[in-house]
Amino acid sequence: MPLRSAFRYWRPAGMGLIEAGLVQGRDVALPSHFHEEDQITFVLAGRRLLVIGEELTVLEPGHGVVILAGTPHHSLFEPEEVLCINLYAAPGSFAGGELVSDLGRSWRKKRDLRWADLADIVEGHRRLVGAVRSPVPSPLARGEAWPSVGEAAAHAGMSREGFSRKFRRLYGIPPHALWHLAKLNDARRLLRAGHSIATVAAEAGFADQSHLGRCFRRAFGVTPGRYKAGLPGSHPF
């Protein structure tokens, strides 16, 4: 029997979120990636180690963090069971810091947090539409994805090596890695929209479904099929 992925995603209705994710288990390490959405991570049990940019963030139960859209981050392996919730929202659509603080206050009262309480708190920190920021502040958001690093360097009037060094200083990861992750975010968005996996693989620029499947699971901890299907019901706890 295949092992169950530690990462599960679903799209809760009526909360202003793009999607939510539940992280449960020990195999919670993911390589560097970024999202087009703001990510709010809140730990319910165990411990989560996140490297955001170049800074290590340690999250114990009742603590959370906001990872702004476009920020490269990765998670580390944990020897003990972890249970945490990830919320994904349009950039700036929630007062993330205040939301995390209120989630913490609620958790400390009962040493627990039910979905109904979480949903009420999330709804209370939803901002008006006019407050939403523009999405990912990266070269990709400005339509500057080039077919190759060499071509991008030539466009910038720099050597390939100099361009790569400057790019890494600005965004924390090499240019080819950022473009690969952008393709995966394209795939994620297309899967949420209901497109077939074959169509998503072609549209996002992967060789085939297998290629997309390998890259997608490595970055997000779940296969494209399970991601697209989501969780049955409105919430998992």
Side-chain angles (χ1 to χ4, degrees), residues 4-25 28 30 33-50 52 57-71 73 75 78 80-136 185 188-189 191-194 220-222 226-237:
R4 188 185 72 176
S5 169
F7 296 84
R8 290 177 285 168
Y9 300 88
W10 77 106
R11 289 105 214 172
M15 294 171 58
L17 296 173
I18 292 174
E19 66 181 350
L22 189 72
V23 183
Q24 185 174 21
V28 296
L30 289 179
H33 63 284
F34 70 89
H35 300 284
E36 296 175 334
E37 307 85 19
D38 287 347
Q39 174 181 327
I40 297 147
T41 292
F42 189 82
V43 174
L44 301 170
R47 186 180 69 168
R48 198 87 200 277
L49 301 177
L50 298 171
I52 304 171
T57 298
V58 181
L59 297 177
E60 303 285 354
H63 292 86
V65 69
V66 179
I67 304 173
L68 297 178
T71 303
H73 59 281
S75 55
E78 269 300 316
E80 304 296 334
E81 184 90 359
V82 174
L83 178 62
C84 87
I85 185 88
N86 289 338
L87 307 173
Y88 302 92
S93 58
F94 284 85
E98 292 88 342
L99 171 56
V100 167
S101 296
D102 274 359
L103 290 174
R105 276 191 284 273
S106 180
W107 184 90
R108 286 191 290 275
K109 287 179 182 175
K110 303 176 184 175
R111 295 285 167 177
D112 193 11
L113 186 64
R114 298 288 88 192
W115 177 259
D117 297 326
L118 184 147
D120 284 345
I121 294 170
V122 167
E123 188 64 39
H125 290 284
R126 193 170 170 181
R127 285 175 170 154
L128 298 176
V129 173
V132 176
R133 299 194 314 272
S134 59
V136 189
N185 280 323
R188 194 165 163 145
R189 184 172 359 91
L191 288 168
R192 285 200 303 268
F220 303 127
V222 66
R226 286 191 177 275
Y227 175 80
K228 180 183 177 184
L231 286 170
S234 59
H235 59 82
F237 64 95

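To the nearest 0.5 Å, atom CD1 of residue Ile52 and atom OG1 of residue Thr41 are 7.5 Å apart. The distance from the CG atom of Leu44 to the CZ atom of Arg111 is 12.5 Å, given to the nearest 0.5 Å. Atoms OH and CG, on Tyr9 and Leu191 in that order, are 12.0 Å from each other to the nearest 0.5 Å. With rounding to the nearest 0.5 Å, the separation of CD in Glu19 from CG in Asn86 is 9.5 Å. In this structure, the separation between CD1 on Ile18 and CD on Gln39 is 12.0 Å, given to the nearest 0.5 Å. Remark: Leu103 CG to Leu113 CG distance equals 6.0 Å, nearest 0.5 Å.
Taking the side chain as every heavy atom from C-beta outward, Phe94 and Val66 never approach each other to under 4.5 Å. Using a 4.5 Å cut-off on side-chain heavy atoms (C-beta onward), Leu59 and Cys84 make no contact. Between Ser93 and Asp38, the closest side-chain pair of non-hydrogen atoms is not below 4.5 Å. In this structure, Ile40 and Val100 have side chains that are in contact, with non-hydrogen atoms separated by less than 4.5 Å. Within the 4.5 Å cutoff, the side chain of Thr57 has no heavy atoms near those of the Leu49 side chain. In this structure, the side chains of Leu83 and Glu81 stay at 4.5 Å or more apart for every pair of heavy atoms. Side-chain contact check for Asn185 versus Phe34: some heavy-atom pair is nearer than 4.5 Å. Between Arg48 and His63, every side-chain heavy-atom pair lies at or beyond the 4.5 Å cut-off.
The pair Arg192-Glu36 fails the salt-bridge criterion, with no side-chain N (NZ, NE, NH1 or NH2) lying under 4.0 Å from an Asp/Glu carboxylate O. In summary, Glu78 and Arg47 engage in a salt bridge, as defined by a charged side-chain N under 4.0 Å from a carboxylate O.
Nearest heavy atom pair, residue Pro61 against residue Gly46, reads CD-O, 3.0 Å. Across all their heavy atoms, Glu37 and Pro91 have their closest contact at CA-CD, 4.5 Å. Of all heavy-atom pairs spanning Arg11 and Lys228, the tightest one is NH1-O, 3.1 Å.
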Stepwise side chain to side chain contact (heavy atoms under 4.5 Å, CB included) check, Met15 with Arg126: CA-CA 8 Å; Met15 294 171 58; Arg126 193 170 170 181; 5.6 Å; no
Check the pair Val43, Trp107 against side chain to side chain contact (heavy atoms under 4.5 Å, CB included), reporting the backbone distance first and the verdict last. CA-CA 10 Å; Val43 174; Trp107 184 90; over 6 Å; no
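Ring pair Phe220/His33 is perpendicular by interplanar angle, where above 60° counts as perpendicular and below 30° as parallel.
Under a 3.5 Å cut-off, the side chain of Ser75 and the backbone N or O of Leu30 do form a donor-acceptor pair.
Within the cation-pi definition used here (under 6.0 Å to the ring centroid, within 45° of the axis), Arg189 does not qualify as a partner of Tyr227.
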